[in-house]
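The structure under discussion appears below in the form of structure tokens.
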Amino acid sequence: MEQVRVRIAPSPSGNLHIGTARTALFNYLYAKKNNGKYILRIEDTDAERTSQEYIDNIFDSLKALGLSWDEGPDVGGEYGPYTQSERFDIYPKYAQMLVEKGFAYECFCTPEELEAEKEEATKNKQAYVYSKKCENLTEEEKEKLRAEGRKPAIRFSVSKAQKAFHNSSMLKFNDLVKGELHQDMDLIGDFVIMKSNGTPTYNFAVVIDDMLMKISQIIRGEDHISNTFKQILIYEALGAEIPQFGHLGMILAPDRSKLSKRHGATAVSEFVEKGYLIDALVNFVALLGWSPSDGNEIKSVDEIAQDFRIGELSASNSIFEYDKLNWMNSQYIKKLSLEELKERLKPFLEKYDLSELTEEQYSRMVEVTREPLTILSDITDAVPYFFGENVEIEESVKTDVLAAENSKKVLKEFVERAKNWSFDEETLHHKLEEFRGFFKEQGIKPKETMWAIRAAVTGRTRGADMCAILAILGKDKVIKRVNQCL
RNA sequence: GCCCCCAUCGUCUAGAGGCCUAGGACACUUCCCUUUCACGGAGGCGACAGCGAUUCGAAUUCGCUUGGGGGUACCA
């Protein structure tokens with residue numbers, strides 16, 4: 001296949017999952033690296049589980065991730081429509097074609113009959129394979145069943161395909177990331193390709209769509225490996241060219257189970273709401289399975305694309321640990337310009353009245369509080385003392401710091417002196433230095449001196465640079481708070 | 001149960017027979033810087049799942065065992 005065409009095909013039965021995001025990323029990277037096209041297709045054959053809300057979420061998240069698609073439901077393209085529910089009229093034709101070629105047949109079995117077969121198999125400790133009892137139904141028998149009101153599903157005949165295209169029962173393909181994979185076709189039961197309600201099953205719809213959309217490489221999670229064998233059989237029966245497959249390890253939770261809500265966020269949008277930067281998220285997720293050749297792990301999508309080789313991806317599963325994500329997010333926060341950071345922080349400062357601060361004061365506040373931020377939402381608890389007249393004093397601060405005799409001495413002296421200071425940072429810096437020196441001679445450590453002031457003004461023992469805090473708050477508020485404390 | 005995939009520090013990984021007394025990153029930890037927290041800097045701790053086989057030589061090849069994951073639907 002000359003043109004590289006890859007796709008991401010989420011099914012809108014939930015918000016865009018972080019695992020799907022990673023699959024999307026690797027497809028995007030592959031397309032980028034190979035000058036190919038990257039296509040978005042919505043797989044909504046199961047009407048029960050799809051909702052517009054999820055579709056919107058998937059679009060928004062994918063866009064936010066910066067993985068823009070060349071063809072898709074919204075932007076269109078040569079091979080549309082790109083939403084499976086809008087393609088329902090094209091699947092029956094191909095199913096019919098397979099029936100005519102003898103690679104598929106109508107099946108009238110009821111769910112109960114099928115269930116019984118399955119139970120029988122488990123009882124005998126055998127792999128369940130459909131009995132094929134409908135494969136050789138005569139026209140009369142079919143008519144009779146139809147007359148009973150039964151609606152047939154269409155099943156793919158694995159044995160027919162095997163006879164037509166293979167010498168042995170071993171089906172093999174060369175996976176882009178895992179190497180040679182194989183499966184005994186005798187263990188693949190005749191699977192349904194068209195449901196009795198006339199809609200295609202997943203395995204059938206994907207093949208038809210990927211074929212028609214000329215997809216050249218299919219990169220997806222390894223939970224699809226078993227589907228791949230079925231799909232290869234369909235391609236062969238259709239006489240279509242078989243694309244290359246690449247199966248990625250899965251993302252697991254720290255307890256090695258599937259990543260789910262009980263482990264925290266799973267959707268990209270949830271991470272964003274929590275204060276993760278989308279660039280950090282993408283970078284982090286890329287590192288699950290891929291590693292940079294130069295050892296520098298902080299990289300943009302474009303940089304990763306240059307360095308991306310699908311064969312070098314890890315074949316194993318990887319565990320999603322927050323530690324590294326957090327570190328990475330903090331690195332990306334550090335790289336943000338002050339202006340950008342000021343904007344991004346606003347959603348997390350809604351509980352405060354930002355109008356209390358001038359633009360300059362807000363800038364300075366962000367500047368002096370940004371250092372320890374891991375996620376944007378950390379700002380919420382980092383800045384309460386910049387707002388309001390009074391300040392809430394932490395219990396431990398009251399008992400440990402403020403109760404100390406030295407603290408009272410320091411604070412009294414502070415009020416006396418500060419009255420005459422000009423509250424700009426430069427002056428404060430010098431004055432406080434003098435101030436510390438004054439107490440040091442009396443045997444009070446600089447640290448203690450500063451703690452007393454910090455405790456009285458912010459109610460805490462830790463926080464941003466003291467001079468900046470004092471300057472932003474201004475003389476009146478500072479003295480008021482200290483007096484109140486005394 | 002049956003089938004498939006995977007297996008290097010706690011985690012993400014480098015490593016494609018000798019360059020490995022196994023390298024990096026995160027986490028943890030020690031020290032330094034410092035008016036606090038943090039940031040930053042310099043160190044430290046820490047792994048080839050087990051057993052066999054091939055080979056002069058194996059983390060790297062093969063087999064078995066164990067462990068983990070996935071699939072087993074008229075879900076996708």
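In what follows, chains are A, B, ... by sequence order, proteins preceding strands, each numbered from 1.
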For A:Lys334, answer base if it contacts any base atom (sugar-phosphate contacts may also be present), sugar-phosphate if it contacts only those atoms, and nothing otherwise; contact means non-hydrogen atoms under 4.0 Å. sugar-phosphate
Where chain A begins and ends its contact with RNA chain B, read 5' to 3' at 4.0 Å from heavy atoms: B:rG1 to B:rA76
Could you pull out every donor-acceptor pair under 3.5 Å between side chains of residues 426-437 of chain A and any protein atom, sequence neighbours left out?
| unit_1 | atom_1 | unit_2 | atom_2 | d |
| --- | --- | --- | --- | --- |
| A:Thr427 | OG1 | A:Asp424 | OD1 | 2.6 |
| A:Thr427 | OG1 | A:Asp424 | OD2 | 2.9 |

Sugar-phosphate only, base, or nothing, as touched by A:Leu181 at under 4.0 Å among non-hydrogen atoms: sugar-phosphate
Once you measure the plane-to-plane angle for A:Phe156 and A:Phe103, does it fall in the parallel (<30°), tilted (30-60°) or perpendicular (>60°) bin? parallel
A:Ser226 vs A:Phe284, nearer the 5' end of RNA chain B by closest nucleotide: A:Phe284
Parallel under 30°, tilted from 30 to 60°, perpendicular over 60°: which one fits the rings of A:Trp421 and A:Phe423? tilted
How is A:Asn203 classified with respect to the nucleic acid when contacts are heavy atoms under 4.0 Å: base, sugar-phosphate, or nothing? nothing
Counting any heavy atom closer than 4.0 Å, what does A:Ala464 reach on the DNA or RNA strands: base, sugar-phosphate only, or nothing? base
Crowding at CD, A:Glu113 (>12 non-hydrogen neighbours, <6.0 Å): yes
Using the side-chain hydrogen bond (donor to acceptor under 3.5 Å, both in side chains) criterion, which residues pair with A:Arg7? Sequence neighbours excluded. A:Asp210
Salt bridge check: are A:Lys230 and A:Asp190 linked by an N-O gap of less than 4.0 Å? no
